[in-house]
Structures are given as C-alpha cells and as structure tokens.
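The structure appears below as structure tokens.
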Amino acid sequence: LAAGVLGSRDPARATRENFLSVRMLRDEAMSVAACRYLKALPGNAGMLFLVGYKHVRFEYGVVHRLRRLCRGSKIVRSLLLNPSPEDTMADAEGEVLNAVLPYAGAPQRQLPELADYMW
C-alpha cells in the first residue's frame with residue numbers, strides 16, 4: 001500500500017515528503033490519458049471518468065488538470081457522490097458540507113468549489 005500511495009517500493013524513497021509529488025504526477029498522468037482519448041472521439045462524444053473523491057474535490061487534481069489540458073475542445077464537469085462532512089473538510093461533528101474551500105483573505109467568488117454537482 002505504501003508503494004502505491006508514496007510512489008516507490010523502496011522504503012528509503014517511499015516517504016511522506018514524496019506524497020504530494022506522487023499525487024500530482026498521478027493526477028497529471030490520468031488527465032493526459034483522458035484528454036488524449038477525449039480529443040480522439042468524434043464530435044461531441046464524451047466519457048465518464050471515475051476517480052476517487054480526493055482527485056475531484058475543490059477543483060484540484062484530475063478535474064483542474066483535465067480542464068487545463070482540454071481547454072476549448074471538451075467540457076469537463078465533476079460529480080461528487082455522497083460526500084460526508086469530513087470529505088469536504090467540514091467540522092467532523094457537524095452535518096453541514098463545505099461547498100467551497102475556505103482560506104483566509106480570499107473573496108467568496110474566488111474560492112474553489114467542492115464539485116460542479118453533488119449527489
């Protein structure tokens with residue numbers, strides 16, 4: 001498990017420090033493959049791309065990268081299925097979801113949204 005999450009089977013290289021780099025590389029690779037496939041499809045044909053919620057939420061990961069790579073050629077939408085408050089980085093004790101990622105000093109209209117759709 002550590003090899004997949006931390007990016008190496010070598011214990012010296014599979015470190016928490018490598019986690020972000022590994023996640024970014026993995027998201028970019030998935031997005032490049034999906035965009036190539038989408039661009040090869042005729043007309044307005046599309047695809048359903050199933051990934052884990054941490055690759056979708058708050059416009060980061062695969063969603064952001066796919067929008068950047070397919071800009072102008074394909075429409076990208078995100079759907080988050082059955083998110084819990086914890087999945088949205090909300091107060092674990094509460095029952096309210098964070099629909100945007102709050103951070104200090106940012107105007108409300110510029111905050112990353114949890115997903116385009118939630119179900």
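Values in this document were obtained by computation on a predicted structure and should not be read as measured data. Numbering of residues begins at 1 and proceeds along the displayed sequence.
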Salt bridge (Lys or Arg N to Asp or Glu O under 4.0 Å) between R68 and E28: does it pass, once the steps are laid out?
-> CA-CA 10 Å; R68 175 180 47 84; E28 190 73 18; 2.7 Å; yes
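- When every heavy atom of L66 is checked against every heavy atom of A34, the shortest pair comes out as CD1-CB, 4.0 Å.
- Considering only heavy atoms from C-beta on, V32 comes within 4.5 Å of L69 through its side chain.
- With hydrogens and angles ignored, the 3.5 Å screen pairs no side-chain donor or acceptor of R65 with any backbone N or O of D27.
- Under a hydrophobic clustering in which Ile, Leu, Val, Met, Phe, Trp and Tyr are joined whenever their side-chain heavy atoms come within less than 4.5 Å, directly or via other members, M30 and V56 fall into the same cluster.
- Evaluation of the side chain to side chain donor-acceptor pair (under 3.5 Å) rule for S78 yields D116 as partners, not counting sequence neighbours.
- In this structure, L50 CG and L79 CG are separated by 9.5 Å, a value rounded to the nearest 0.5 Å.
- With contacts defined as side-chain heavy-atom distances shorter than 4.5 Å, the pair L80/W119 does not qualify.
- For H64, the side chain to side chain donor-acceptor pair (under 3.5 Å) test picks out no residue, with sequence neighbours left out.
- Residues forming a side chain to side chain donor-acceptor pair (under 3.5 Å) with R36 (at least two apart in sequence, or on another chain): none.
- V22 and V62 sit in two unconnected hydrophobic clusters of ILVMFWY residues. Membership requires side-chain heavy atoms under 4.5 Å apart, directly or through other members.
- In this structure, CZ on F49 lies 10.5 Å from SG on C35, to the nearest 0.5 angstrom.
- Put simply, I75 and M47 are part of two different groups of oily side chains (I, L, V, M, F, W, Y) that touch within less than 4.5 Å, one to the next.
- Within 6.0 Å of NZ on K54 lie no more than 12 heavy atoms contributed by other residues, nucleotides or ligands.
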